[in-house]
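In what follows, a single structure is set out as structure tokens and then discussed.
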Amino acid sequence: LPPPAKKPLTKIVSHLLVVEPEKIYAMPDPTMPDGYIKALTTLCDLADRELVVIIGWAKHIPGFSSLSLADQMSLLQSAWMEILVLNIVFRSLACEEELVYAEDYVVDEEHARLSGLLDLHVAILPLVRRYKKLSMEKEEFVTLKAIALSNSDSTHIENVEAVQRLQDSLHEALQDLEGAHNTEDPRRTGKLLMTLPLLRQTAAKAVQHFYSIKVQGKVPMHKLFLEMLEAK
Amino acid sequence: KEKHKILHRLLQNSTSPVEL
């Protein structure tokens, strides 16, 4: 028997799939000697460029641009690293114990150790394993990423009701998606939402990691990345 | 806001808002 036809995706999820950013490339500087400074310079530059993309992406989340500019800023300042980490994690789902920071920057444990990225590597891998176990799909990833942004628990929100409405609409989109596509597991929405504490914990470790690097002052960082780190 | 001027500027660069 043919499998039952899947219901159409909710409007929000279809929209989030369309506005999902293109692949990003790290383009490590070939003139720099390999090692700690080069690896971190590459990652900081990549993060800075990806932040620009994330800010553009956020504006396409239905309802986000209707928030006040101050609330848009507060959500992004709280959640940017969770979004960066979730992007890395989703790109890494097809790999074995490797992190796909970018299409051209895939790091295994050995490379991570040699380039001083082991702490970050070890911090992010449990999240990859968690989503692998759930076999997270792209529709779920794009929705969860928007939920992470709306649910960033910033203490500086002006219009709490408006942010709540945004959370509710994205939560509903995830529930509808699971209702239509994963009828065999009625707890799947909950299982996905229950990954968010580990995402926050991982992002906090990553922020700490890059903040220490900023304090050491040996790695050049672009202005937007610095600005977001300082907002933390 | 003065401290976060790049984020502010990037958010202000307009694309039409997507309504719920």
Side-chain angles (χ1 to χ4, degrees), chain A residues 10-12 14-16 18-19 48-80 146 149-150 156 158 162-173 221-232, chain B:
Chain A
T10 74
K11 234 174 138 181
I12 291 183
S14 314
H15 182 80
L16 290 174
V18 171
V19 301
D48 188 78
R49 286 186 284 118
E50 202 167 350
L51 275 170
V52 176
V53 172
I54 286 171
I55 294 164
W57 159 81
K59 291 198 279 191
H60 289 290
I61 297 173
F64 183 83
S65 290
S66 315
L67 300 174
S68 70
L69 195 55
D71 283 348
Q72 294 179 34
M73 289 177 72
S74 297
L75 292 182
L76 280 163
Q77 284 167 340
S78 293
W80 62 274
L149 176 63
S150 71
H156 306 291
E158 289 173 344
V163 173
Q164 183 65 57
R165 279 197 296 277
L166 178 63
Q167 287 171 9
D168 288 347
S169 71
L170 293 165
H171 183 186
E172 195 182 357
M221 290 179 175
H222 295 296
K223 282 183 184 164
L224 177 61
F225 186 56
L226 279 174
E227 191 180 287
M228 298 304 265
L229 264 184
E230 278 157 15
K232 282 285 193 186
Chain B
K1 270 179 203 167
E2 205 33 49
K3 277 172 69 184
H4 309 295
K5 48 188 179 190
I6 304 177
L7 174 60
H8 191 262
R9 200 182 63 227
L10 287 172
L11 280 171
Q12 268 191 326
N13 283 352
S14 69
T15 50
S16 50
V18 182
E19 297 300 330
L20 277 178

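The sequence lines fix the lettering, A, B, ..., with proteins before strands; numbering per chain opens at 1. The analysis underlying the following values was restricted to heavy atoms, covering all of them including side chains, and did not include hydrogens, waters or symmetry mates.
Here the CG-NZ distance, from Asn13(B) to Lys59(A), works out to 5.5 Å after rounding to the nearest 0.5 Å. Atom NZ of Lys223(A) is separated from atom CG of Leu7(B) by 15.0 Å, given to the nearest 0.5 angstrom. Distance check, rounded to the nearest 0.5 Å: CD of Gln12(B) to CG of Leu69(A) gives 5.5 Å. Note that the CD1 atom of Ile54(A) and the CG atom of Leu10(B) stand 12.0 Å from one another [nearest 0.5 Å].
Listed in order of number, the residues of residues 225-232 of chain A that approach chain B to under 4.5 Å between heavy atoms are Glu227(A), Met228(A), Ala231(A).
Both the backbone and the side chain of Leu224(A) come within contact range of chain B, judged by heavy atoms closer than 4.5 Å.
Looking at Leu76(A) and Leu11(B), their side chains come closer than 4.5 Å, going by heavy atoms from C-beta outward.
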